[in-house]
Student: 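This structure is in structure tokens; I'll ask about it shortly.
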Amino acid sequence: PTLSTMIEKEDNHFLEANIKGLMMTLLGQWNKEMDQGRDNTEFADIRPSDMRVFGQIRGKPTRLADLHRALGCSRQAAQQAVDRLVAHGVLRVHLANGSKRDKVVSVTGKGQKLRALAARQIREIEDKCMTAIGAVGTERLRQYLAELVKDTDHLSP
């Protein structure tokens, strides 16, 4: 069979309204809002891509090796983002206990201020969700997403 360059109607509809695409659209919009929300703060010059790294840490000390795997990027790219965040004073890097090689990334006091800003911004996003789909719908969405995350945890490296 030859691969057709024509997209079937059903595929076209699916590609326009698939869950992954919808989530990517929402995440893109929300990330843009959060990036703009930092514009007039001491965190304005942090790159949006570096904020994704910061967000992945979620305030917990994280091994650099785990960070790059979770982000799906090279170790070098993760290290460069971490280095920039260290230069901004929101992260620090230290050796893991008992290791001479494994690096651990953790949030500084200034980083905690950035986390507080992000928490306020995320609450605003969730308030918008509640306006759009109601409190019950928002909680159901959270539960469904948590189930999907839990179900895919076994797929993580």
Student: Once you round to the nearest 0.5 Å, how far does CH2 of Trp30 lie from CD1 of Ile125?
Tutor: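 Output value for this atom pair is 6.5 Å.
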Student: Using every non-hydrogen atom in the two residues, find where Ala44 and Asp39 come nearest and quote the distance to one decimal.
Tutor: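 Nearest heavy atoms, Ala44 then Asp39: CB-O, 3.0 Å.
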Student: Do Gln29 and Lys128 touch side chain to side chain, with heavy atoms closer than 4.5 Å?
Tutor: no
Student: Using a strict cut-off of less than 4.0 Å between a Lys/Arg side-chain nitrogen and an Asp/Glu carboxylate oxygen, indicate whether Asp35 and Arg52 qualify as a salt bridge.
Tutor: yes
Student: What distance do Gln80 atom CD and His68 atom NE2 have between them, rounded to the nearest 0.5 Å?
Tutor: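 Going from CD on Gln80 over to NE2 on His68, the span is 13.0 Å.
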Student: What pair of heavy atoms forms the shortest contact from Arg75 to Ala65, and how long is it?
Tutor: NH1-CB, 3.3 Å
Student: Calculate, to the nearest 0.5 Å, the distance between atoms CD1 and CG belonging to Ile122 and Asp127 respectively.
Tutor: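 Spacing of CD1 (Ile122) from CG (Asp127) equals 12.0 Å.
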Student: Search all heavy atoms of Lys110 against all heavy atoms of Gly89 and return the closest pair with its distance.
Tutor: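 Closest heavy-atom pair between Lys110 and Gly89: CB-O, 3.4 Å.
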Student: Quick check: closest heavy atoms across Val107 and Gly59, and the distance to 0.1 Å?
Tutor: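 Scanning both residues, the minimum pair turns out to be CG2-CA, 3.8 Å.
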Student: Is the shortest side-chain N to carboxylate O distance from Glu126 to Arg123 below 4.0 Å?
Tutor: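 So Glu126 does not pair with Arg123 through a salt bridge.
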Student: Of the non-hydrogen atoms in Ser106 and His94, which two are nearest, and what is the gap between them?
Tutor: OG-NE2, 3.4 Å
Student: Do Leu64 and Val104 sit in one hydrophobic cluster, given that two such residues count as connected whenever their side-chain heavy atoms are within less than 4.5 Å of each other, even indirectly?
Tutor: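 They do not share one cluster, since no chain of ILVMFWY contacts under 4.5 Å joins Leu64 to Val104.
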Student: Taking NZ in Lys103 as the centre, count heavy atoms belonging to other residues, nucleotides or ligands within less than 6.0 Å. Is the count above 12?
Tutor: no
Student: Where do Phe54 and Ile46 land on the side-chain contact (heavy atoms from CB on, under 4.5 Å) test, with the steps shown first?
Tutor: CA-CA 10 Å; Phe54 185 81; Ile46 295 178; over 6 Å; no
Student: Atom CG of Asp50 and atom CG of Leu91: how far apart are they, to the nearest 0.5 Å?
Tutor: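 Separation between the atoms: 9.5 Å.
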Student: Any chain of hydrophobic side-chain contacts (each under 4.5 Å) joining Tyr144 to Ile19?
Tutor: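 Different hydrophobic clusters.
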Student: Does the side chain of Met34 come within less than 4.5 Å of Met51's, by heavy atoms?
Tutor: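 No - every pair of side-chain heavy atoms lies 4.5 Å or more apart.
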Student: Indicate, with yes or no, if Leu85 and Val93 share a hydrophobic cluster defined by side-chain heavy-atom contacts under 4.5 Å among Ile, Leu, Val, Met, Phe, Trp and Tyr.
Tutor: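 Yes, because Val93 and Leu85 connect within a single hydrophobic cluster, where side-chain heavy atoms sit under 4.5 Å apart.
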Student: Taking all non-hydrogen atoms of both residues into account, name the closest pair between Leu145 and Met23 and its distance.
Tutor: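 Scanning both residues completely, I find the closest heavy atoms to be CD2-CE, 3.9 Å.
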Student: When rounded to the nearest 0.5 angstrom, what distance separates CZ in Arg115 from OG1 in Thr108?
Tutor: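 These two atoms lie 11.5 Å from each other.
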Student: Output yes when a side-chain donor or acceptor of Asn31 lies under 3.5 Å from a complementary backbone atom of Gly28, and no otherwise.
Tutor: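 Such a contact is absent between Asn31 side chain and Gly28 backbone.
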Student: Please determine whether the number of non-hydrogen atoms from other residues, nucleotides or ligands lying under 6.0 Å from atom CE of Met130 exceeds 12.
Tutor: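 Above 12, so yes.
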Student: Quick one: CD1 on Ile57 to CG on Asp66, what's the gap to the nearest 0.5 Å?
Tutor: 11.5 Å
